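Residue numbers start at 1 and run along the sequence shown. Predicted model, so just to flag it, every value in this text is computed and none were measured. Atoms within each ligand, like the ligands themselves, are counted from 1 in listed order.
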Amino acid sequence: MASIAEVNADNPTLAAQAAILARPMTPERGMANAIRALAIDAVEAAKSGHPGMPMGMADVATVLWTRFLKFDAADPRWPDRDRFILSAGHGSMLLYALLHLTGQEGMEMEHLRRFRQLHSPAAGHPEFGEHPGIETTTGPLGQGLGNAVGFALAERMLAARFGKSLVDHRTWVVAGDGCLMEGISQEAISLAGHLRLEKLCVLWDDNSISIDGGTDLSTSDDQMKRFAASGWATKQLDGHDPAQIAAALSWAMRSKKPTLLACKTIIGFGAPSKAGTAASHGSPLGGAEAAAAKAALGWDSPAFTVPEGIAEAWHSAGARGATSRRGWLKRLARHNQGRDFERAIAGKLPESFHEAVASLKADIAETRPKLATRQSSQKALEALVPAVPELIGGSADLTGSNLTLVKGMGFVTPGSYGGRYIHYGIREHGMAAAMNGLALHGGVIPYGGTFFVFTDYMRPALRLAALMRLRVIHVLTHDSIGLGEDGPTHQPVEHLASLRAMPNVHLFRPADAMETAECWELALRRTDGPSLLALSRQGLPAMRGDTAENRSARGGYVLAEANGGTRQATLVATGSEVALAMEARNLLAGDGIRAAVVSLPCWELFAAQDSSYRNEVLGDCPRVGIEAGVAFGWERWLGADGVFIGMSSFGASAPEGELYRHFGITAEAAAAAVRKRIGN
Ligand SMILES: Cc1ncc(C[n+]2csc(CCOP(=O)(O)OP(=O)(O)O)c2C)c(N)n1
Ligand SMILES: [Mg+2]
């Protein structure tokens, strides 16, 4: 085997590594090596995982966590902590090692030994909820960066509401080459730069390696210029030089712009032959290379063992923020908005919420307005926004179409965060990821609007909202061919089905103003997952005037029972097609056929009811479903011999009424289907 010196001779990365390793050992490097050793050990034990990134970023992370990051290991959820977002989620062992070393309960050595095993909080990628120190779920590259914009924005907005004495913290993001290559990074960078989120700092693991090899295989971006063009301050540094790292972090803290620190690192730092190569990215180093890496690092402790001195140094780093947190707790106790702050952070709705909902419903019952559900949604917001101060809105450049803005909200603008409405720009993916960050930060409840069809543009972030069970509310208007002339590019047909397939999502498709108010109430009350409101562009008649019960809460209910005897057929519909079902019921009544109409505004809530309720609602006579979307999934409610009236192709460009006729989604068609089914 060649000696290290021989290998280094023709390999500049290994030569650079050797030069760094030749520097005198310091306590700080010992602490960084603890991260490296734990990453090596955990990945070896799991026989899978990503050692390269934690080994490369260990020095940066050590300086950040021991000298800059504001946190207290004794209370990882302290609201005024700095947020540390590991956007490069594959480097999860970096985060787990930091949580363990700083003494955070729930990330013990036994958990690191069980890295990537069932029920270990040290999962393959960081998962929100597995440990209180994990701020967000990452793994899909770029999402953490997108979340970080929301985290940093929430901090600014809460600081504007409650003042600096309660809210004054930073957002630090570790992002890799992959995060910066993903398209979402552009939306995130652009929005953060525009909004001048000066307390946001991205630590780019600039190691020039990804899975396929060198990043020069696929990118030649000048990241410094890219970030600068979006209003960021940028700096390059040696990610293995603690003095340079500390200087850069201090510089970032003084910046009046968001900052990018390009940390030049060697992936797999310490590994004698795999360092600097993709071979260290995503698989165990292997016994011999792992042992040689530890030897090169001067690490001679057994696996999963941290020498006492180093462990103690890390523990005291974990307690660094204790005084600061105690001071904050005192300020909170004295603060005149202290109770409100605690309520908002706890995610509890204010008392005024209930009154606002009640008077909204009473008003709808009295006026029975004929409105598009997007207008009904705005009406709901007019009641809810003043009542719930933490409700913050926005739209991806479709404010006038989504009807997401109500009077008096005020706008978030660059450098001014006292308003409650965010112009996200035409950045659906960035918006959804930022909304996740806003919700994860806590203290705010974000809603955001776009056209329903463009959920495709934000699906990866929606999926993470669902996976993390975040309270985010999406206002998705123009929900079918009913939008008319804009045509098939804008007409969702498969979107209801595809989003209903996503676990933990509540997809609401209200039929009229009352159901829209009810669905908004349910969305706001929901604390365990995202709510999607699919809303019509076109006007819809009022179906309901009763207010005693939130009937949408059961997901589905009998809107109109069959008249004059036992039910012969059930018409099941959602949203704009409920009105068609009611018309069909009338047509059938004219022929003496007794049909009931069931409205199903939320399938997930309906599915959660007991089967006796569901059977009672759906009845045991023939069923006909009507929805201006594809049939996929409807067999669940219609049974094997039900009939579905909806879309089986993309839509078309034409006036709305004509489209419904063209695609055969009409009351007449529904009535005919019933007649045929019951042999009449
Ligand atoms: C959206 C997305 N696409 C692909 C992957 C698979 N993947 C995981 S890590 C990685 C390479 C990332 O490169 P880099 O960020 O430079 O990480 P490094 O190799 O430097 O640790 C890829 C393609 C992913 N996790 N997410
Ligand atoms: Mg890389």
K.L.:
Which part of His50 is near ligand 1, with near meaning a heavy atom under 4.0 Å away: side chain, backbone, both or neither?
P.N.:
neither
K.L.:
How far is atom 21 (O) of ligand 1 from the closest protein heavy atom, and which atom is that?
P.N.:
His90 NE2, 2.7 Å
K.L.:
For the residue pair Tyr96 and Phe115, categorise the inter-ring angle as parallel (less than 30°), tilted (30 to 60°) or perpendicular (more than 60°).
P.N.:
perpendicular
K.L.:
Any N/O of Ile267 closer than 3.5 Å to an N/O of ligand 1?
P.N.:
no
K.L.:
Taking C-beta and beyond as the side chain, do Arg36 and Trp299 meet within less than 4.5 Å on heavy atoms?
P.N.:
no
K.L.:
Return the closest protein heavy atom for atom 16 (O) of ligand 1 as residue, atom name and distance.
P.N.:
Ile209 O, 2.8 Å
K.L.:
Can you confirm whether Leu101 sits close enough to Trp65 that some side-chain heavy atom of one is under 4.5 Å from a side-chain heavy atom of the other?
P.N.:
no
K.L.:
To the nearest 0.1 Å, how far is atom 3 (N) of ligand 1 from its closest protein heavy atom, and which atom is that?
P.N.:
Glu182 OE2, 3.6 Å
K.L.:
Looking only at protein heavy atoms, which one is nearest to atom 25 (N) of ligand 1, and how far off is it?
P.N.:
Gly139 O, 2.8 Å
K.L.:
Considering Ile211, Thr215, Leu141, Asp205, which one's heavy-atom position lies nearest to atom 26 (N) of ligand 1?
P.N.:
Leu141
K.L.:
Should you measure from each heavy atom of Gly176, which atoms of ligand 1 turn up under 4.0 Å away?
P.N.:
15 (O)
K.L.:
Just to be sure I read this right, does ligand 1 sit under 4.0 Å from the backbone of Ser210, its side chain, both, or neither, counting only heavy atoms?
P.N.:
both
K.L.:
For atom 9 (S) of ligand 1, which protein heavy atom lies nearest, and how many Å away is it?
P.N.:
His281 CE1, 3.3 Å
K.L.:
Other residues, nucleotides and ligands only: do more than 12 of their heavy atoms fall within 6.0 Å of CZ on Phe304?
P.N.:
yes
K.L.:
Does the separation of the ring centres of Tyr447 and His474 fall below 6.0 angstrom?
P.N.:
no
K.L.:
Counting only heavy atoms not in Asp222 (residues, nucleotides, ligands), do more than 12 fall under 6.0 Å from its CG?
P.N.:
yes
K.L.:
By atom name, which N, O or S atom belonging to Asp177 lies closest to the Mg ion (ligand 2)?
P.N.:
OD2
K.L.:
Name the closest protein heavy atom to atom 20 (O) of ligand 1, giving the residue it belongs to and the distance to 0.1 Å.
P.N.:
Asn207 ND2, 2.6 Å
K.L.:
Can you list the ligand 1 atoms lying under 4.0 Å from a non-hydrogen atom of Gly178?
P.N.:
13 (O), 14 (P), 15 (O), 16 (O)
